[in-house]
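The first residue of the sequence shown is numbered 1, and numbering continues consecutively from there.
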Amino acid sequence: MSRPVLTAAETRVAEDRLIAAGTGADQLMARAGAGLARAALALAGPLPALVCCGPGNNGGDGYVAARWLREAGLDVMVAALGAPSSGAAAAARAGWDGPVVPLDRAAPRPLLIDALFGTGLSRPLALPVAATLARLMAGAQATVAADLPSGVDTDSGALLGAELPFDMTVAMGALKPAHLLQPAAGLCGRLVVAEIGLAAGDRTQELAAPRLPPPGAGDHKYSRGLVAVIGGAMPGAARLAAVAAARAGAGYVRLIADTPANLPNAIVRQGWDEAALADPRIAAIVAGPGLGRDGIARRRLDAACAAGRPLVIDGDALHLLPRTRPAPPLTVLTPHEGEFVARFGDLPGSKLDRARAAAMRAGAVIVFKGADTVIAAPDGRAAIAPPASPWLSTAGTGDVLAGAIGTLLARGLAPFAAAGAGVWLHASAAARLGPAFIADDLAAAIGGVAGEAGR
């Protein structure tokens, strides 16, 4: 099931609504602190604990967690960075009658809980504070961050003066963009959400496993979807897209290209003919992998756009697509960072903000690829994929993704759902392969995970 993702501002609004409905701020803090303590205990067991508490509500969560852990029988010490600055945090501090030391005088303990700064930090973490936290973490056996690791920007995932990796991060009420956007996502470790009663919407979600119905007894190759892949200057890229489309579950894949390719016999090869795209049985077209950027490539892309079929535009085609008009209906664009900037310019904001703006501008679903892939729709919906294998950073893996998304469009999924399911299959296949694979391996592995998603 997808988990909602809230920005800092959205989190404040959700909390304010809960408080307006009668839930006190101290009740929210009690729920958050208890959730933090339970998650830390489940991770580390009954180790002697040091809870580092900041002056804000994040620190208040820490005081509640300290009290909860001590009541569970743990030996707990609190290290405080100043006095509480909010009423709820002050009440939580008053409820802790155990030992407290200044943060800079604290000694390491086996379990370290960072409740210094959570959601909403906007300035760099002070160097002495960062150095002290790093020292205490180095002496711990298990480290847990309350809501977010101290020293990251909630909405962008940028680092604010610290790069401290945790074993676990306990998100309060909902995930935040920084839990999934790099580089902060790489610091969070295992992600756990402590439920505190927030009513979070579905505008932004963490990408989850899709449900792909398997073929039925009445299905045939055309009902399962005919995917046409357009080849061009680099036939190997189109071949990868075609193989991935077939492995992802298409009933029929046709590679339309001038250069013969070494393909499985099940994939039909056809020389380039614009009229071939008029075949009414074609359910989706993939254009861009290895297409080239010359006049021939541009004419082929124009033909694909005019065909009126669901369309994946990748690679070279992203550079050829006219910027002055929206993409054709039912289109998915799949840029990496360089292609994104070339197509849309240097848009402001976080990766999530940029993907949303590009989707609205293009009138198409955007798959903004990378270690933190973001999928955005023109209507404002977005999904952020969990961190994927760094071994995907090799030539051809984007072609594989384009082919997989093409199949999911051909099977009748709407563009946003097809894009998300394709990203999930792609990442899952990479995880199954482990280290040091190549794109050919990835295309072959798509079939296994697609089959599992259809069970």
Distance (rounded to the nearest 0.5 Å) between Gln182 CD and Leu187 CG: 8.0 Å
How long is the straight-line distance from OG1 of Thr154 back to CG of Leu160, given to the nearest 0.5 Å? 8.5 Å
So which atom in Ile113 and which in Ala40 form the shortest heavy-atom distance, rounded to 0.1 Å? CD1-CB, 3.9 Å
I want to check something: taking the side chain as every heavy atom from C-beta on, are Leu191 and Leu180 in contact at a cut-off of under 4.5 Å? yes
Salt-bridged, Arg239 to Asp440, with N to O below 4.0 Å? yes
Can you give me the closest heavy-atom contact between Val367 and Ala419, atom names plus distance? CG2-CB, 3.6 Å
Spacing of CG belonging to Leu74 relative to CD belonging to Glu71, to within rounding of 0.5 Å: 11.5 Å
Distance under 6.0 Å and angle within 45° of ring axis: Arg354 vs Phe368: no
Would you check if the side chain of Asp399 reaches a backbone N or O of Ala241 as a donor-acceptor pair within less than 3.5 Å? no
Residue pair Leu333 / Leu321, side-chain heavy-atom distance below 4.5 Å: yes
Which of Thr169, Asp155, Asp153, Asp147 passes side chain to side chain donor-acceptor pair (under 3.5 Å) with Lys176? Answer is Asp147
Given side chains that start at C-beta, do those of Leu392 and Leu401 come closer than 4.5 Å, heavy atoms only? no
Is any side-chain heavy atom of Leu41 less than 4.5 Å from a side-chain heavy atom of Trp68? yes
Is a donor on one side and an acceptor on the other found under 3.5 Å between the side chain of Asp26 and the backbone of Ala88? no
Shortest non-hydrogen separation from Ala171 to His179 and the atoms involved: CB-CE1, 3.4 Å
Contact between Leu133 and Leu112 at the side-chain level, heavy atoms closer than 4.5 Å - yes or no? yes
Can you tell me how far apart CD1 (Ile384) and CG (Leu181) are? Round to the nearest 0.5 Å. 4.5 Å
Any chance you could measure Ile366, atom CD1, to Thr334, atom OG1, to the nearest 0.5 Å? 9.0 Å
Side chain to side chain contact (heavy atoms under 4.5 Å, CB included), that's the test. Do Leu330 and Leu409 meet it? Break it down for me. CA-CA 9 Å; Leu330 303 179; Leu409 286 173; 5.8 Å; no
Please name all residues satisfying side-chain hydrogen bond (donor to acceptor under 3.5 Å, both in side chains) with Ser150, sequence neighbours left out, ordered by chain then number. Asp114
Between Ala287 and Ala317 the two heavy atoms that sit nearest each other are O-CB, 3.7 Å
Arg293 side-chain N/O to His319 backbone N/O, donor-acceptor pair under 3.5 Å: no
Any chance you could lay out the side chain to side chain contact (heavy atoms under 4.5 Å, CB included) test for Leu36 and Val51, step after step, and finish with the verdict? CA-CA 11 Å; Leu36 172 62; Val51 184; 5.8 Å; no
Over all atoms of both residues, closest heavy-atom pair of Ala65 and Ala37: O-CB, 3.8 Å
Is the backbone of Pro55 close enough, under 3.5 Å, to the side chain of Ser85 for a donor and an acceptor to pair up by distance? yes
Between Arg356 and Thr204, does any side-chain donor sit less than 3.5 Å from a side-chain acceptor? yes
4.5 Å side-chain heavy-atom contact, Asn57 and Leu28: no
OG of Ser2 to CG of Asp202: how many Å apart, nearest 0.5 Å? 9.5 Å
For Asp167, is there any backbone N or O sitting under 3.5 Å from a side-chain donor or acceptor partner on Thr143? yes
With a cut-off of 3.5 Å and sequence neighbours excluded, list every side-chain donor-acceptor pair involving residues 339-352.
residue, atom, partner, partner atom, Å
Glu339, OE1, His336, N, 3.1
Glu339, OE2, His336, NE2, 3.3
Arg343, NH2, Pro322, O, 3.2
Ser350, OG, Leu352, N, 3.3
Ser350, OG, Asp353, N, 3.1
Ser350, OG, Asp353, OD2, 3.2
Lys351, NZ, Lys369, O, 3.1
Lys351, NZ, Asp372, O, 3.2
Lys351, NZ, Asp372, OD1, 2.8

What pairs meet the ring-ring contact (aromatic ring centres under 6.0 Å, His included) rule with one or both residues in residues 150-176, with sequence neighbours excluded? none
Taking every heavy atom of Ala429 against every heavy atom of Leu442, the minimum-distance pair comes out as CB-CD1, 3.8 Å
So, the side chain of Ser223 versus the backbone of Asp219: is there a donor-acceptor pair under 3.5 Å, distance only? no
Hey, does the side chain of Thr11 reach the backbone of Thr7 with a donor-acceptor pair shorter than 3.5 angstrom? yes
Check: Asp314 and Val286 side chains under 4.5 Å, non-hydrogen atoms: no
Ignoring hydrogens and angles, tell me if any N or O in the side chain of Arg247 forms a donor-acceptor pair with the backbone of Ala404 under 3.5 Å. no
Does the side chain to side chain contact (heavy atoms under 4.5 Å, CB included) test come out yes or no for Leu408 and Leu212, once each step is laid out? CA-CA 9 Å; Leu408 295 162; Leu212 303 175; 3.9 Å; yes
Decide yes or no for Leu207 and Pro386: does some side-chain heavy atom of the first lie under 4.5 Å from some side-chain heavy atom of the second? yes
